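Written below as structure tokens is the structure these notes are about.
Because the structure is predicted, anything quoted here is derived from the model rather than measured.
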Amino acid sequence: MPHFKHIEPSSITAEHPVAQFYMNWREMDRQGELTPWSVFSPMQMPRILPWMLLLEKQAEEKYYYRVCGSSCEQLFGQSYQGKYLGDGMPDDATRIRMREFKQVEESGKPLFSEANLPIRGKEFIEVYRGTFGFTQAGEFVDRILVVIAPKESK
């Protein structure tokens, strides 16, 4: 089973893309526990955009990759854009991410983790991940934004 562990955001260096996005996220105007998609402004964080994955919830446990940033493509060795969560990913890694997404959906709060990439031949790469929920509809989390970058990224 790949290494995957939830961590506190304070354990991520302030220069890392995950920490940088979290600083921006904390300043976003929320509606209760949910963060409206309309408050996300990519122009405020151009350095972080290449490290982002945007997934749209299409059905229970069905997430579609709308965006796969260019640095993510290089890191993974492929683009996930236009695919579904789990396509080309080991089952155990998919289950971990599904549980994580569900937790973010229920709480409206981000989760942070450190992990090894669950990609054959790239398991040695250690990353920090930040998983953030947004709402387009206003009633529930229907978009998951993941910021992922190697631990040493700045």
Ring geometry between [Y] and [X] (parallel below 30°, tilted from 30 to 60°, perpendicular above 60°):
X      : Y     : answer
Tyr128 : His16 : perpendicular
Phe40  : Phe21 : tilted
Phe76  : Tyr80 : perpendicular

Pairwise distance [atom1]([X]) to [atom2]([Y]) - rounded to 0.5 angstrom:
X      : Y      : atom1 : atom2 : answer
Phe4   : Asn116 : CZ    : CG    : 11.0 Å
Ile144 : Glu56  : CD1   : CD    : 11.5 Å
Glu152 : Ile125 : CD    : CD1   : 9.0 Å
Glu100 : Thr131 : CD    : OG1   : 3.5 Å

Under the 3.5 angstrom rule, does the side chain of [X] hit a backbone N or O of [Y] as a donor-acceptor pair?
X      : Y      : value
Gln78  : Glu73  : no
Glu123 : Gly121 : yes
Lys122 : Leu75  : yes
Asn24  : Met45  : no

Counting heavy atoms not belonging to [X], are there more than 12 under 6.0 Å from its [atom1]?
X      : atom1 : value
Glu8   : CD    : no
Arg26  : CZ    : yes
Lys109 : NZ    : no

Looking only at non-hydrogen atoms, find the nearest pair between [X] and [Y] and report the distance.
X      : Y      : result
Pro110 : Trp25  : CD-CH2, 3.3 Å
Leu54  : Arg143 : CD1-CB, 4.2 Å
Cys72  : Ile148 : SG-CG2, 3.8 Å
Pro46  : Gln44  : CD-C, 3.5 Å
Ser79  : Cys68  : OG-CB, 3.8 Å
Ala19  : Thr13  : CB-O, 3.2 Å

May I have the step-by-step check of side chain to side chain contact (heavy atoms under 4.5 Å, CB included) for His6 and Leu111, ending in yes or no? CA-CA 7 Å; His6 283 115; Leu111 287 175; 3.8 Å; yes

Can you find a pair of side-chain heavy atoms, one from [X] and one from [Y], that are under 4.5 Å apart?
X      : Y      : answer
Trp37  : Leu145 : yes
Phe101 : Leu85  : yes
Arg129 : Arg97  : yes
Tyr65  : Val146 : no
Met28  : Phe132 : no
Tyr63  : Met98  : yes

Report whether Met23 and Ile7 are members of the same hydrophobic cluster (ILVMFWY, side-chain heavy atoms less than 4.5 Å apart, transitive linking).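 Looking at the clustering, Ile7 is in a separate group from Met23.
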
Decide whether Tyr84 and Val141 are clustered together by the hydrophobic rule: side chain heavy atoms of Ile, Leu, Val, Met, Phe, Trp, Tyr closer than 4.5 Å, transitively.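 Per the 4.5 Å side-chain linkage, Tyr84 and Val141 are not co-clustered.
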
Cation-pi check for Tyr64 against Arg66: NZ or CZ below 6.0 Å from the six-membered ring centre and within 45 degrees of the axis, yes or no?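 The answer is no, since Arg66 fails at least one limit relative to Tyr64.
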
What pairs of residues pass the ring pair (Phe, Tyr, Trp, His ring centres under 6.0 Å) test when at least one of them lies in residues 135-154, not counting sequence neighbours?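 Residue pairs with at least one partner in residues 135-154: there are none.
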
Between the side chains of Lys102 and Glu60, is the shortest nitrogen-to-carboxylate-oxygen separation below 4.0 Å, so that they form an ion pair?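 Looking at Glu60 and Lys102, the cut-off is met.
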
